[in-house]
K.L.:
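Dropping the structure in here first, questions after.
Keep in mind the model is a prediction, meaning the values are calculated, not measured. The chains referred to below are lettered A, B, ... by the order of the sequence lines, with proteins before strands, and numbering in each begins at 1.
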Number of protein chains: 2
Amino acid sequence: MVTKNAMPTPLCGELPAEAVQAARFEKARSAQASAVLEDYVELIDDLLTSQGEARPTDIARRLGVSHATAIKSIGRLKREGLATSKLYRGVFLTPRGLDLAARVRARHRLVVDLLVAVGVPPHCAELDAEGIEHHVSDTALAAFARFLGHERPTDDGAEVE
Amino acid sequence: MVTKNAMPTPLCGELPAEAVQAARFEKARSAQASAVLEDYVELIDDLLTSQGEARPTDIARRLGVSHATAIKSIGRLKREGLATSKLYRGVFLTPRGLDLAARVRARHRLVVDLLVAVGVPPHCAELDAEGIEHHVSDTALAAFARFLGHERPTDDGAEVE
DNA sequence: GCTTTTTTGTAGCCTCGACTACATTTTAGG
DNA sequence: CCTAAAATGTAGTCGAGGCTACAAAAAAGC
Ligand SMILES: [Mn+2]
Ligand SMILES: [Mn+2]
Ligand SMILES: [Mn+2]
Ligand SMILES: [Mn+2]
């Protein structure tokens, strides 16, 4: 039913190979655009849970960037409705931010588990997953869960079969 | 060289979580910085092989960006010593560019194969691999090859047969 | 309470990768 | 050959995400 597309085989309704390829790159670019936001919400949620608060300075240190950079990115989080902040009281996640954080964390773990399951050394899996995670689609994620024998991939109910 | 702190040698799991995490993010950022270059050389090599030439316009169309964007990026490829170009004669790869292209293509294929092997639908594997590939380390790649049953995954040219 | 340190925020600068608009050059058509 | 179309290149703008340097406010120390 779907395309079998292993090479230049534009079965997707007569789409030229160029368009298919362009769409692929476009998808990767789009994923990258949200990568920073995803890492921030995951980390903020982390800090809120473990420390009870998420201060810009802590966020910056954990991310390995300057505090100025972190504050600017937090500004973007706020613009996008993912976070709020109180002066000298740290950063908080909106419901949307919390939801995103939960999905991002689950995805991160699943990616690491998958890498380890296919033989990647755990330490290396952790390293690579930080970048890989942002490019793993829900479909692939579901496949990962199936491969790992998890019976409950996500709470999203996105099934592929 | 461990005399930075009073702490003994961190055993890659015992060191400050902050530093580990920061290093992880730093590695992901670094990988992303070369993602565009990698996609360009892979595509240019593709076009040179299949079409005999790699024109900026073709490159732009395949990547789904404007020709101005492509030309600017090609400029960066040239600055970095990966490509050359002749006016109205297209873009060519330097030896370094060719080498990079070969490695990038092999990695791309291996990533797709791995995804398919763990149950990701082929079409989806193609899509996701475009972004994932840039974050897969040599170590992980070797693990992928092993998992797929490939014989001796050319780890730094170490021939063992 | 006053001073010092830490934290937070701003301002200004950079590169990269995207875009549009315009200019030029080559190629193709008549 | 001369003109129209296509390809190529330039210029200028933008936002994102880095940085440093400086300014101000809060927390900590004394
Ligand atoms: Mn990440
Ligand atoms: Mn993560
Ligand atoms: Mn790619
Ligand atoms: Mn690729």
Side-chain angles (χ1 to χ4, degrees), chain A residues 18 22-44 47 51-92 130-131 134-135, chain B residues 18 22-44 47 51-80 82-92 130-131 134:
Chain A
E18 296 167 354
R24 232 168 61 203
F25 287 119
E26 168 54 34
K27 187 229 165 205
R29 282 193 296 267
S30 152
Q32 192 53 40
S34 41
V36 170
L37 296 184
E38 292 178 349
D39 283 336
Y40 270 80
V41 294
E42 185 184 0
L43 175 57
I44 290 168
L47 289 169
Q51 253 71 49
E53 57 181 9
R55 300 295 203 44
T57 302
D58 296 325
I59 296 169
R61 189 173 48 246
R62 299 275 283 256
L63 285 169
V65 300
S66 73
H67 79 277
T69 295
I71 287 173
K72 229 190 247 181
S73 295
I74 291 166
R76 193 182 156 205
L77 287 184
K78 294 198 258 183
R79 283 202 309 276
E80 311 236 352
L82 295 169
T84 59
S85 72
K86 278 184 272 185
L87 243 175
Y88 286 89
R89 282 285 167 273
V91 183
F92 305 91
E130 199 57 73
H134 309 285
H135 299 274
Chain B
E18 296 166 354
R24 234 168 58 202
F25 288 119
E26 168 54 34
K27 187 229 164 205
R29 283 193 294 269
S30 152
Q32 191 54 40
S34 42
V36 170
L37 295 184
E38 293 178 348
D39 283 336
Y40 269 81
V41 295
E42 186 184 0
L43 175 57
I44 290 168
L47 288 169
Q51 253 73 47
E53 57 181 11
R55 300 296 205 43
T57 302
D58 297 325
I59 296 169
R61 190 172 48 244
R62 300 275 283 255
L63 286 169
V65 300
S66 74
H67 80 276
T69 296
I71 287 174
K72 230 188 246 180
S73 294
I74 291 166
R76 192 181 158 206
L77 288 184
K78 293 198 258 183
R79 284 202 308 276
E80 312 235 352
L82 295 169
T84 59
S85 72
K86 279 185 273 187
L87 242 174
Y88 287 87
R89 282 284 166 275
V91 183
F92 305 91
E130 200 57 73
H134 310 285

K.L.:
Please report, rounded to the nearest Å, how far the P atom of C:dT8 is from the CZ atom of A:R89.
P.N.:
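Atom CZ in A:R89 sits about 10 Å away from atom P in C:dT8.
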K.L.:
Taking only residues two or more places apart in sequence or in another chain, which ones pass side chain to side chain donor-acceptor pair (under 3.5 Å) with B:Q51?
P.N.:
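Partners of B:Q51 by the side chain to side chain donor-acceptor pair (under 3.5 Å) criterion come out as none, since no residue qualifies.
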K.L.:
For B:E26, give me all partners under side chain to side chain donor-acceptor pair (under 3.5 Å), at least two apart in sequence or on another chain.
P.N.:
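Side chain to side chain donor-acceptor pair (under 3.5 Å) check on B:E26 returns B:R29.
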K.L.:
Looking for any heavy atom pair under 4.0 Å, which part of the strands does B:R61 touch: base, sugar-phosphate only, or nothing?
P.N.:
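B:R61: no heavy atom of the nucleic acid under 4.0 Å.
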K.L.:
Ignoring hydrogens and angles, does a donor from either the side chain of B:Y88 or the base of C:dT25 sit under 3.5 Å from an acceptor on the other?
P.N.:
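Side chain to base: pair found, below 3.5 Å.
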K.L.:
For A:A54, check side-chain contact (heavy atoms from CB on, under 4.5 Å) against everything at least two apart and list the hits.
P.N.:
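Scan of A:A54 (side-chain contact (heavy atoms from CB on, under 4.5 Å), adjacent residues dropped) gives A:I44, A:L47, A:L48, A:I59.
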K.L.:
Rounded to whole angstrom units, what separation is found between the CD1 atom of A:I74 and the C1' atom of C:dT7?
P.N.:
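The distance from CD1 of A:I74 to C1' of C:dT7 comes to 12 Å, rounded to the nearest Å.
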K.L.:
B:L87 has an atom CG; how far is it from atom C1' of C:dT25, in whole Å?
P.N.:
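So the CG-C1' distance, B:L87 to C:dT25, works out to 8 Å.
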K.L.:
Using side-chain contact (heavy atoms from CB on, under 4.5 Å) as the criterion, list what pairs up with B:K72, not counting sequence neighbours.
P.N.:
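With neighbours one apart ignored, the set is empty.
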K.L.:
What's the separation between atom CG in A:L82 and atom CD1 in A:I74, rounded to the nearest 0.5 Å?
P.N.:
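Between atom CG of A:L82 and atom CD1 of A:I74 there are 12.5 Å.
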K.L.:
Please list, chain by chain and in numerical order, all residues satisfying salt bridge (Lys or Arg N to Asp or Glu O under 4.0 Å) with A:R61, sequence neighbours excluded.
P.N.:
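Per chain and number, A:R61 pairs via salt bridge (Lys or Arg N to Asp or Glu O under 4.0 Å) with A:D58, B:E18.
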K.L.:
According to side-chain contact (heavy atoms from CB on, under 4.5 Å), who are the partners of B:E53, at least two apart in sequence or on a separate chain?
P.N.:
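side-chain contact (heavy atoms from CB on, under 4.5 Å) check on B:E53 returns B:R55.
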K.L.:
Tell me every residue that passes side chain to side chain donor-acceptor pair (under 3.5 Å) with B:S66, counting only those two or more places apart in sequence or in another chain.
P.N.:
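Testing B:S66 for side chain to side chain donor-acceptor pair (under 3.5 Å), a comparison that skips the adjacent residues, returns B:T69.
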K.L.:
According to ring pair (Phe, Tyr, Trp, His ring centres under 6.0 Å), who are the partners of A:H135, at least two apart in sequence or on a separate chain?
P.N.:
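Once residues adjacent in sequence are excluded, the partners of A:H135 under the ring pair (Phe, Tyr, Trp, His ring centres under 6.0 Å) criterion are B:H135.
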K.L.:
Can you give one letter per nucleotide of nucleotides 12-19 of chain C, 5' to 3': B if a protein heavy atom sits under 4.0 Å from the base, S if only from the sugar-phosphate, - if neither?
P.N.:
BB--SSBB
K.L.:
Which distance, rounded to the nearest 0.5 Å, do you find between the OG of A:S30 and the NE2 of A:H134?
P.N.:
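Here the rounded value is 13.0 Å.
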K.L.:
Going by number, which of residues 53-60 of chain A have a non-hydrogen atom under 4.0 Å from DNA chain C?
P.N.:
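Those residues are A:R55, A:P56, A:T57.
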K.L.:
Could you list where the contact with chain A starts and ends along DNA chain D, reading 5' to 3', using a 4.0 Å heavy-atom cut-off?
P.N.:
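Counting from the 5' end, contacts occupy D:dA16 to D:dA27.
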K.L.:
Tell me, which pairs form a salt bridge (Lys or Arg N to Asp or Glu O under 4.0 Å) where one or both residues lie in residues 32-44 of chain B, sequence neighbours left out?
P.N.:
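For residues 32-44 of chain B: B:E38-B:R107.
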